[in-house]
Structures are given as structure tokens and as C-alpha cells.
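Here the structure comes first, spelled out in C-alpha cells, and everything after it is commentary.
For this chain, numbers begin at 1 and follow the sequence in order.
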Amino acid sequence: MTPEAFYSQLEKFDIYLTDTQKEQFETYYHFLVTENEKINLTAITEKQDVYLKHFYDSSAPLLYNLIDNTSLKLLDIGAGAGFPSFPMKIIFPELNVTIIDSLNKRIKFLEALSDKLGFDTRTVTLLHGRAEDFGQDPIYRGQFDYVTARAVARLNILSELTLPFLKKNGKLLSLKASQMLDEMTEAKHAIAILGGKLGTPLDYTLPNGDERHLVMIEKKKETPKKFPRKAGTPNKKPL
């Protein structure tokens, strides 16, 4: 997907980028591939692939109206090179984005990228550490309208890592490349314990025909205080 094809696809969903926003995506691409030679950020480096499989795919929650363009608070867990939150932040500058990542090199990359993209520092928070630890911190617990996660963990594990951060009626948006029916069945018990309600999954395709899936979980009740458990436990002993 060329940059022009990317912009054209967004326009089909009534999203029209300014020249500044287009320049931000171009800056993002060049900085990503340059820094990727120093630290492992992505296996996808061809320009057309980055625009399709990273930028376009990251935009899905906006394209399908799962997130509106008001000043909402969004947390991105394990964002790596900034996906999906930074492309969404370029498209909707009003979005307040917080990223938690366990690898400090990635956080340093995102700090430099945020500066290059000219993001308002008051609307971007980058945290190095484990979701299990921040999820017990009252500064972050129960503070977000949305949590996004792109290919981070199986849904039963991911639910414990993310639902504690959500406000009541907030939503987890989990983006995956593969079908999640087995994961959804496996995660029902965990979701109920954690105060969530599983929504209808969104199945869609990229412009090249590749399948993508987005699972939504809405937080209906407060998550019990003992969750998330200490770092590493959700992976070793999933609910």
C-alpha cells in the first residue's frame, strides 16, 4: 500500500488527513526503519507493508467507529514501536495516549518518535515497566476509557493485564491477525471474574485481503483488588 493509497482508504471512512498529518506518517516510517537497524522493533520494513500492516491496521478502531475523536484517555499495552496507538494519535491528535512497555529501549524509541512527530507532551505518557505493577497503582488503575493491545497475549491473560486499568463501561480492544474463537471461549471465565463482558468480535480485511479480528470487552463491574496478580503470574497461571 503506497502512502497515497493509505490516505485514499482513510477517506473512504470520512477521515481526511492534513499535509501535516501526512508528513507525520512519513516521518514515522523513516524513523522506524532507521532505528530498527539498531534495536529490534519490527520485522516489517518495506514501505508499502508498513503503511498497510502497521499504519492502516492500527487505524481499525477509528475506521469502524470503536473510538471517537474526543479527548479520551487510551492506554496501549505492549505497544512496541507504537502500534496501534501512535497512528491513531496522528489521525486524532486530541487522543490522550499512555503506553506501557516492559523494554526500556522501546520506550526510549517512542520518546524520540513522539518528539519528532510533534505530539503535545501533555497528551502522551510513556511508562517503562510491567502492566501487572502499574495495574495496582491508583494513579493508573480505573483511569482509562480504552485499552488497546495488538498481538500481546492470549485473551484470558490479556484480560487480567488490561481490565484493571479501565473505567467502568470502558473497553478493551484486542487486535489480532488470527481467529479468536478458541481464545474467546477459553477467556470467558477470566473475563467474568475481572468484571468484563465479551462483545461481538469485529472481523474485517485489510485492502489486500488479509484477515484481521478485533475483540471487544466492556468493563461492567470493578475488577477485584487482587487483580492483576504479581508480575509473571498471569502468564504462568492464567485464570
Side-chain angles (χ1 to χ4, degrees), residues 43 53 57-58 60-61 64 66-67 72-85 88 97-103 106 127-204 210-239:
K53 297 178 181 179
D57 191 30
S58 291
Y64 296 100
L66 303 180
I67 296 175
L72 295 167
K73 292 182 72 176
L74 181 145
L75 172 65
D76 196 358
I77 295 283
F83 307 123
S85 55
M88 290 196 288
V97 170
T98 299
I99 290 176
I100 295 173
D101 200 282
S102 60
L103 191 62
R106 288 196 289 256
L127 303 170
H128 170 231
R130 299 289 294 259
E132 297 97 322
D133 297 327
F134 285 110
Q136 288 292 356
D137 187 330
I139 294 173
Y140 305 104
R141 187 181 180 92
Q143 299 300 310
F144 295 91
D145 301 290
Y146 295 95
V147 178
T148 55
R150 188 167 176 253
V152 171
R154 290 186 70 82
L155 202 55
N156 57 343
I157 299 168
L158 186 65
S159 298
E160 183 172 353
L161 298 179
T162 56
L163 289 179
F165 290 101
L166 287 167
K167 299 175 182 176
K168 196 172 177 183
N169 300 317
K171 291 179 181 175
L172 163 65
L173 305 177
S174 175
L175 293 81
K176 298 247 184 175
S178 56
Q179 276 280 4
M180 298 222 293
L181 295 177
D182 288 346
E183 286 191 39
M184 289 165 63
T185 302
E186 175 187 64
K188 282 181 179 177
H189 175 66
I191 292 167
I193 290 173
L194 296 161
K197 180 186 178 184
L198 195 58
T200 304
L202 171 69
D203 301 317
Y204 60 101
D210 286 356
E211 284 187 12
R212 290 292 186 270
H213 309 276
L214 202 157
V215 171
M216 291 162 282
I217 299 172
E218 187 170 2
K219 184 170 177 176
K220 289 297 189 181
K221 297 185 292 186
E222 290 302 324
T223 302
K225 285 187 166 53
K226 65 179 178 179
F227 301 110
R229 292 166 292 169
K230 67 180 183 179
T233 304
N235 271 301
K236 291 175 189 169
K237 297 179 180 178
L239 292 174

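Leu155 is listed as a side-chain neighbour of Ile217, based on a closest heavy-atom distance under 4.5 Å. Looking only at side-chain heavy atoms (C-beta outward), Leu175 and Pro61 come within less than 4.5 Å of each other. In this structure, the side chains of Tyr140 and Leu75 stay at 4.5 Å or more apart for every pair of heavy atoms. Within the 4.5 Å cutoff, the side chain of Glu183 has no heavy atoms near those of the Val215 side chain. Considering only heavy atoms from C-beta on, His213 stays 4.5 Å or farther from Pro201 through its side chain. Put simply, the side chain of Leu239 reaches to within 4.5 Å of the side chain of Leu194, judged on heavy atoms.
The backbone N or O of Gly135 lies less than 3.5 Å from a partner atom in the side chain of Arg141, making a donor-acceptor pair. Remark: side-chain polar atoms of Lys220 are not paired, donor with acceptor, to backbone N or O of Lys197 under 3.5 angstrom. A donor-acceptor distance shorter than 3.5 angstrom exists from the side chain of Asp76 to the backbone of Ser85, with no hydrogens or angles considered. Panel note: side chain Lys219, backbone Gly170; no donor-acceptor pair is recorded below 3.5 Å.
At least one cation-pi condition fails for Lys171 and Tyr146: the charged atom is not both under 6.0 angstrom from the six-membered ring centre and inside a 45 degree cone around its axis.
Listed by first then second residue, pairs satisfying salt bridge (charged side-chain N to carboxylate O under 4.0 Å, His left out) with a partner in residues 223-232 read Glu160-Arg229, not counting sequence neighbours.
Under the side chain to side chain donor-acceptor pair (under 3.5 Å) criterion, Gln136 pairs with no residue, sequence neighbours left out. The side chain to side chain donor-acceptor pair (under 3.5 Å) check on Tyr204 picks up Asp57, with sequence neighbours excluded.
Atom OG1 of residue Thr162 and atom CD1 of residue Ile77 lie 7.0 Å apart, to the nearest 0.5 angstrom. The CG atom of Leu163 sits 5.5 Å away from the OG1 atom of Thr223 when rounded to the nearest 0.5 Å. Interatomic distance, CD1 of Ile99 versus OG1 of Thr148, reported as 8.0 Å (0.5 Å rounding).
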